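See below for the structure under consideration.
All residue numbers in this chain count up from 1 along the given sequence. For clarity, every value in this text was computed on a predicted model and none was experimentally measured.
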Amino acid sequence: MPKGHRLMSSVAVLSVTIASGAVGQDLTATYSHFGTPGLLEMPTAQSAPEDAFAATLAYTDGLARVTLNFQASQRLSLSYRYANLDVYEDPASAGRENDIARGFDLHYRLNNEGTYLPAVAIGMRDFLSGGPFQGEYVVASKSIGDGLIVTVGLGWGALGTNGGFDNPLGNGLEERDGFDGSDPDGQLASGDWFRGDAAFFGGVEYQINDRWGAKLEYSSSDYPQVARGVAVPVDSPFNYGLTYRPSPGIQLGLAYLYGSQIGISGSFELNPNDRAGGSGLENAPPPVKVRAADLRAAQSWDRQALPDAALRNALRGLLKLEDLTLTGLELTDRTARVRYINNRYRSDAQAAGRAARMMTQIMPPSIETFILESERRGIPISAISISRTDLERLENRAGGTDAIRQSSGFGDAGGSEELIALERESSPFAWGLGPFFQINPYTGDGSINVDLGLRLQGVYRIQPNLVLSGAIDQSLIPPDDDPTGGERTPDIQNVRSDGGRYGNDGVPVLRRLSLTHYSRPGPDLYGRVSLGYLERMFGGVSGELLWKPVESPFGLGLEINQVAQRDSDMRFGFDEYDYDVTTGHLSAYYDLGNGYHTQLDVGRYLAGDWGATISVDREFDNGWVIGAYVTQTDMSYDDFGSGSYNKGVSITIPQDFFTGSASRGSYSNTFRTRVGDGGARLSVDGRLYDVVRGGHKADLSDTWGRFWR
């Protein structure tokens, strides 16, 4: 199977997964072959439902496309596309097969459609790089009656190559350099935006019934036969197509394109706001036990009649019913401070609500304040102070969720000196065997490897905060012997571009084996030290310090690593490459609110280059995370190779979204343009910000609606 088609197959698996979880909703827009709301190849001014995530696969002879589209807001959509296409070596040649093009798109709808005014949108295809599809457009769409939508637009770049005319914007924008296959791929192509000839496009879409629709478009792209151009002959600018929606969230398409070709497509949409498993299938929590008024006034309790040890044992048993592990307890006449591990609930707010309800069942009436401290990796993360009276008063009151959040206190966890530590009941050793699936993009010839196999993982907790962990992989589809196609960087250490050599002999390999220690060196401070085979390509020592106040949206981190490159057989040696490096970053984190998280990492990468990475994540209340990142370093474009800088998008889907059953598990994948030697960062399990932020105020507030669940 060609390498490009391997990625098509892998994303098809993702698409089927998305489709299987799709839930009912009426789509206001259909998807084009470019994976964005549109006609067949031309865009429209429509938008998908807010927060919708869609995967589109489209195929015609010589041109296959996979697009991931995310409707980031009501008006803004972002897309990442991977295309496997035939290209012309020169205008007179038949070209070559299986070339690779990757691109990012932006689409912004300027206004909502009115009674008389159409919706108008502005967009850019491949706006980060000068690829063969790069183009900009302004488009208007207007619905007529219940089923007809008319679209007219003006395109530049690739969207201005059929029937083009002088740029109506003028003012020095008449000339456009255009796509040149000899240019380094990946450099920002802002110098071409809205330049050069422009051309009109348009079309109509008619929704015949709830399932069937028809499309007709006039295309402004003729795929000109130039060197490195798309090898698709265009005999006609008119394209025709049918769409079929067998169920909500699924769109299948059949088209007649370019006057000579048949095209097929499938779009699979899933909205994080529509849970496939409903609001959740976990058992209802016990009701808050309300104290009698006379008992509420008590200032102490009889410890001989009800000793502390009995309370500890009883609370441990009750929390265990919720899969919460009690690790420490401090009791005074008026306060109960508990420390626990949340083993079940994705939302720490929900775990806190369950723990507080259980405490009302057995705590002496004089205890008025509950202090709930969540623990992860053996260290306390935060403390929530809740009035017992507020729990009794607000449980069944309208607006009680916001009221209990407003009246609760959030802060750093207290010291461990006064806590009575409880022995851990569970075994210190845990293991699991399961499948793994990953997409490995390597260097610039577009080589892609899909790795599928079994992973044996084990964890031994020597102490709660001292963990020995490891993983062994057995690949069922080993990588090619040399997927880089010879395009390594001769003057730069191949810290990632040799990734396909790792574990390619079909035998079990040691993915990682490390000893990690977590600590709390001071107030608002968290520490981590990891030692061993930290990832599949590097081993050594990694140290990290994070300053993150519980109530602040801001955090600062410092990480320093001294690592050496492992042998490609992924056993225990470091002799093959004889390469070691000191790498590290200063990181700044900021929670923008409404689920948006930003991160800036500045420092030295594995190949010795210096630079920065900017990441933006959107986290939904139900656990979905969709993010994007870009890395730029001082490595020259020539040394970096095709791509020029690292960029990619990521998606994390929680298990409970599909099952409805409470779980802390999730499915994650990152879609990168490539994995090159520039901007390559060490992959370390358990970085501190990911460990602690779920228990801090910003994240707790985002999912506080589950406190009473």
Side-chain angles (χ1 to χ4, degrees), residues 35-36 47-48 50-55 67-81 102-109 123-124 126-129 186 188 190 270-273 546 548 552-557 559 585-603 605 611-633 643-654 666-675 678-681 683 687-694 696-699 701-703:
T36 60
S47 301
E50 185 175 8
D51 299 330
F53 176 83
T67 306
L68 305 177
N69 185 78
F70 175 53
Q71 191 67 37
S73 70
Q74 289 186 351
R75 298 189 177 189
L76 175 66
S77 67
L78 309 170
S79 304
Y80 168 64
R81 181 172 47 261
R102 309 170 180 88
F104 289 87
D105 299 354
L106 282 176
H107 177 94
Y108 187 78
R109 181 166 48 82
M124 295 186 289
D126 288 5
F127 73 98
L128 289 180
S129 59
L188 189 65
S190 57
L270 191 61
N271 197 311
N273 297 312
L546 173 69
K548 177 63 177 69
S552 173
F554 181 69
L556 281 175
E559 178 179 296
H585 289 79
L586 178 66
S587 301
Y589 310 92
Y590 195 81
D591 189 320
L592 298 172
N594 296 320
Y596 286 94
H597 300 269
T598 59
Q599 179 175 337
L600 172 64
D601 303 300
V602 180
Y605 295 83
T613 299
I614 298 176
S615 307
V616 179
D617 291 339
R618 168 75 188 282
E619 183 171 4
F620 296 86
D621 293 348
N622 59 14
W624 272 65
V625 182
I626 296 177
Y629 76 91
V630 60
T631 298
Q632 181 73 66
T633 75
S644 304
Y645 55 93
N646 274 340
K647 47 195 176 289
V649 297
S650 61
I651 178 172
T652 298
I653 304 176
S666 62
Y667 308 98
S668 299
N669 211 331
T670 298
F671 300 89
R672 302 175 176 90
T673 55
R674 68 190 291 270
V675 177
R681 189 173 180 184
S683 177
R687 283 195 165 105
L688 290 171
Y689 186 69
D690 295 330
V691 171
V692 307
R693 75 175 176 89
H696 284 199
K697 184 178 180 180
D699 272 36
S701 297
D702 286 342
T703 61

Distance check, rounded to the nearest 0.5 Å: [X] atom [atom1] versus [Y] atom [atom2]?
{"X": "Asp105", "Y": "Thr36", "atom1": "CG", "atom2": "OG1", "answer": "6.5 Å"}
{"X": "Tyr108", "Y": "Ser47", "atom1": "OH", "atom2": "OG", "answer": "9.5 Å"}
{"X": "Leu600", "Y": "Leu586", "atom1": "CG", "atom2": "CG", "answer": "8.0 Å"}
{"X": "Tyr596", "Y": "Thr598", "atom1": "OH", "atom2": "OG1", "answer": "12.5 Å"}
{"X": "Tyr629", "Y": "Asp617", "atom1": "OH", "atom2": "CG", "answer": "12.0 Å"}
{"X": "His107", "Y": "Ser77", "atom1": "NE2", "atom2": "OG", "answer": "5.0 Å"}

Check the surroundings of atom [atom1] in [X]: do more than 12 heavy atoms from other residues, nucleotides or ligands lie under 6.0 Å from it?
{"X": "Ile614", "atom1": "CD1", "result": "no"}
{"X": "Gln74", "atom1": "CD", "result": "no"}
{"X": "Asp690", "atom1": "CG", "result": "yes"}

Excluding sequence neighbours, so at least two apart, what forms salt bridge (charged side-chain N to carboxylate O under 4.0 Å, His left out) with Asp591?
none

For residues [X] and [Y], determine if any side-chain heavy atom of one lies less than 4.5 Å from a side-chain heavy atom of the other.
{"X": "Leu556", "Y": "Leu546", "value": "no"}
{"X": "Ile651", "Y": "Trp624", "value": "yes"}
{"X": "Val625", "Y": "Phe620", "value": "no"}

Hey, is Arg102 close enough to Asp126 for a salt bridge, meaning N to O under 4.0 Å?
no

Under a 3.5 Å threshold, yes or no: a donor from one side chain and an acceptor from the other, between [X] and [Y]?
{"X": "Asp601", "Y": "Gln599", "result": "yes"}
{"X": "Thr613", "Y": "Thr631", "result": "yes"}
{"X": "His597", "Y": "Arg618", "result": "no"}
{"X": "Ser79", "Y": "Asn69", "result": "yes"}

Check the orientation of Phe104 and Tyr80. Use parallel for under 30°, tilted for 30 to 60°, and perpendicular for over 60°.
tilted

CA sep, side-chain torsions, deciding dist, call: Thr633, Tyr605, side-chain contact (heavy atoms from CB on, under 4.5 Å):
CA-CA 9 Å; Thr633 75; Tyr605 295 83; 3.8 Å; yes

At their closest point, which heavy atom of Ser650 faces which heavy atom of Thr670, and how far apart are they?
CB-OG1, 3.6 Å

Ala612 and Val602 have their tightest heavy-atom pair at CB-CG2, 4.0 Å

Quick one: does NZ or CZ of Arg687 land under 6.0 Å from the six-membered ring centre of Tyr689, within 45 degrees of the ring axis?
no

Applying side chain to side chain contact (heavy atoms under 4.5 Å, CB included) between Glu619 and each of Ile626, Asp702, Asp699, report the one that passes.
Asp699

